[in-house]
Amino acid sequence: MVRVRFAPSPTGHLHMGSARTALFNWLYARKMGGVFILRIEDTDLRRNVDEAFGAILEAMRWLGLDWQEGPYYQSQRLHLYREVVKRLLEEGWAYPCYCLPQELEERRREALKRGEKPMYDRHCRDLSPKEREKWEKEGRKPAIRFKVPLEGKTSFRDIIRGRIEFLHQEIEDFVIMRKDGIPTYNLACVVDDHYMEITHIIRGEDHISNTPKQILIYNALGYPIPQFAHLPMILGPDKSRLSKRHGATSVNAYRDMGFLPEAVLNFLALLGWSPGGNREIISREEMIEEFELEGVKRHPAVFNMDKLIWLNSHYMKTSPPSRLAHLALPFLKREGLIKEGDYPIEILERIMPLVQERAKTLEEMPRWTDFFFKQEIEYEQSAVEEWLRDELHRKLLLLAKEVLAVLEPFTKENIEVALRGLAEREGVKAKEVFHPLRVAVTGRTVSPPLLESLAILGKEKTLQRITQALKYVG
RNA sequence: GCCCUCGUCAUCUAGCCAGGUUAGGAUACAGGCCUUUCAAGCCUGCGGCGGGGGUUCAAAUCCCCCCGAGGGCACCA
């Protein structure tokens, strides 16, 4: 039985890179009929951010990445880690280190100055019982370090990258438990992965160098070693690791910018992996069906905002209007176009087909639809100058008002016949009638399709807008 | 500085493992068609195997060197 986990630390919102890691874990679990576990790595109390806990779960749910076990919290499992550390100590796999942070820092700097790797110099590795006693008497609390073999190497097979090996001389005696009794990442991670019976560790490439350390711990403890798969990093346009300075990085931020969860998911799936057969649009079900760890790319991928936007517009176009109406609602409210308790949802559902292939994100919805809701519309000056100022267009607008006034019922088809008829009688092209009318009703030269818009707006409001516009330029 | 990993259009990628089509698709960009505006859609164009050696009848694909990029080097995760 495949068991995988996603183990974020609650130091901020769910990052897009982490979300991709979560997705690949989730996909693999689904594909293999396994279990997806959520574990919160909150052992660094100082760095924990209260709101991060909720934000991460929220983002996971929004993406639809549901977990079967957890969330487990490492901060509630400290007793477990302490037991394990005690055992490592007793069996000689670890030792107490009494060095002070300043001392370590100084020695690191010196090593660097000598052109050496800034590793711990194993100062306390072979302390005599007497020396230890001396430090203890002085009241120094030790950190516990793992005793890395002085020679030899540790290697493992990465599902994505193949064989990777590290010389033990390149690995320092890393801390497994801090002096305050809280375990560090590498220890807690191994213990949890073991007790949670994780079979495949799928995580970011930034963990490759942690892997040999963890394998050393697995071996010391006699734990079976799981499979590893290290995913490539996600980069910003400047090819450095994707971070805040590249703009929004959290899943929640993209949600708030009006992206659909399926678009984000599809986008993330394409970062480092691709389905067979030249396809870009891929559903959650297809992803599960076709996902393979072996097919994951080895090189880092640049976050391509244009592609995300394109995917989003695709899902906007293909979403049922009723769903889109509900999704757009918060954005319209945010702009004050719709008030609390006043949800003309059925009108929204009629409007959606007109704008869903135009707006690329939900955030653009207000701009496309505001004229449906506003009492007073604002005119774009250049639009007025171009289409309302001159004699001919004012006359056509007035005539349009007259033919529309007698239309019954006020449907798209009837409006079209009336306006085209008018243009023909006046010997002008249809657009000479449409454009002024568009500016009069929407205030802009760019809008959703005019005829459908008028039909939804209704006869009364349409005539009102024309009157207002004529007054405005008259 | 040391260690690890990686390198196909501007970007995401197919092809590489099992050498043999004009190196395919998508986004972006440019142009065209359609059209009441803007989009969408359709068509066309632009554009790449990091460099150099080697093996071979044949190299994006196998080997070596160089260059470049990313990651790691915490009592963070």
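Source: prediction; values computed, not measured. Chain A is the first sequence line, chain B the second, and so forth, proteins listed ahead of strands; every chain is numbered from 1.
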Describe the nucleic acid contact of [X] in one word from base, sugar-phosphate, nothing, applying a heavy-atom distance below 4.0 Å.
X         : value
Arg47(A)  : base
His230(A) : nothing
Leu271(A) : sugar-phosphate
Pro448(A) : base
Arg46(A)  : sugar-phosphate
Arg279(A) : nothing
Leu450(A) : base
Asp180(A) : nothing
Lys179(A) : base
Ile144(A) : nothing
Lys317(A) : sugar-phosphate
Thr445(A) : base
Glu280(A) : base
Glu432(A) : nothing

### Message
Assuming nearest nucleotide by heavy-atom distance, tell me which of Glu416(A) and Asp306(A) is located more 5' along RNA chain B.
### Response
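Counting from the 5' end, the first nearest nucleotide belongs to Asp306(A).
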#### Entry: Nearest-nucleotide 5' precedence on RNA chain B, Met119(A) against Ala359(A)
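This one resolves to Ala359(A).
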### Task
In plain terms, say whether Arg77(A) and Asp192(A) are close enough for a salt bridge, that is, a side-chain N and a carboxylate O under 4.0 Å apart.
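Salt bridge flag = yes for Asp192(A) with Arg77(A).
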Got a donor-acceptor pair under 3.5 Å from the side chain of [X] to the base of [N]?
X         : N       : answer
Asn186(A) : rA77(B) : no
Arg438(A) : rU36(B) : yes
Glu357(A) : rG41(B) : no

Taking [M] as the reference, what is the distance to [N] when you measure between their [atom1] atoms (whole Å, please)?
N       : M       : atom1 : result
rU13(B) : rA74(B) : C1'   : 37 Å
rA69(B) : rG50(B) : C1'   : 10 Å
rG15(B) : rG54(B) : C1'   : 23 Å
rG70(B) : rC33(B) : P     : 44 Å
rU35(B) : rA14(B) : P     : 40 Å
rA30(B) : rG52(B) : P     : 33 Å
rC49(B) : rU37(B) : P     : 42 Å
rA59(B) : rA23(B) : P     : 13 Å

[N] OP1/OP2 closer than 4.0 Å to side-chain N/O of [X]:
X         : N       : value
Arg203(A) : rG72(B) : no
Arg367(A) : rC38(B) : no
Thr11(A)  : rC76(B) : no
Lys360(A) : rA40(B) : yes
His314(A) : rA40(B) : no
Arg145(A) : rC75(B) : yes
Ser274(A) : rA14(B) : yes
Lys297(A) : rG7(B)  : no
Lys239(A) : rU11(B) : yes

Could you tell me the Watson-Crick or G-U partner of [N], where both distances fall under 3.5 Å? Say none if there is no partner.
N       : value
rA30(B) : rU44(B)
rC67(B) : rG7(B)
rC73(B) : rG1(B)
rU37(B) : none

Output the rounded distance in Å from [atom1] ([X]) to [atom2] ([N]).
X         : N       : atom1 : atom2 : result
His207(A) : rC3(B)  : NE2   : C1'   : 18 Å
Arg358(A) : rA39(B) : CZ    : C1'   : 5 Å
His168(A) : rC4(B)  : NE2   : C1'   : 14 Å
Glu292(A) : rC17(B) : CD    : C1'   : 14 Å
Asn304(A) : rU11(B) : CG    : C1'   : 4 Å
Glu170(A) : rC4(B)  : CD    : P     : 7 Å
Phe166(A) : rG71(B) : CZ    : C1'   : 10 Å

Taking the side chain as C-beta and beyond, is there a heavy-atom pair between [X] and [Y] under 4.5 Å?
X         : Y         : value
Trp387(A) : His435(A) : yes
Glu385(A) : Gln381(A) : yes
Cys97(A)  : Arg125(A) : no
Tyr315(A) : Ile281(A) : yes

### Ring center gap for Phe291(A) and Trp273(A) short of 6.0 angstrom
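For Phe291(A) and Trp273(A), the ring centres are under 6.0 Å apart.
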Selected nucleotide, minimal atom distance to [X] side chain, candidates [options]:
X         : options                   : value
His435(A) : rU37(B), rC12(B), rG71(B) : rU37(B)
Asn278(A) : rG71(B), rU5(B), rG24(B)  : rG24(B)
Trp310(A) : rC75(B), rU11(B), rU27(B) : rU27(B)

### Task
Step by step, work out the side chain to side chain contact (heavy atoms under 4.5 Å, CB included) result for Arg145(A) and Met177(A).
CA-CA 7 Å; Arg145(A) 288 183 183 271; Met177(A) 184 174 282; over 6 Å; no
### Message
Under 3.5 Å, is there a donor on one side chain and an acceptor on the other for Asp126(A) and Tyr95(A)?
### Response
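There is no such pair (donor and acceptor under 3.5 Å, judged by atom type) between the side chains of Asp126(A) and Tyr95(A).
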### Query
Stepwise, does the side chain to side chain contact (heavy atoms under 4.5 Å, CB included) test hold for His13(A) with Ile56(A)?
CA-CA 6 Å; His13(A) 284 209; Ile56(A) 289 171; over 6 Å; no
### Task
Give the ring-plane orientation class for Phe156(A) versus Phe166(A), where under 30° counts as parallel, over 60° as perpendicular and anything between as tilted.
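The rings of Phe156(A) and Phe166(A) lie parallel, inter-plane angle below 30°.
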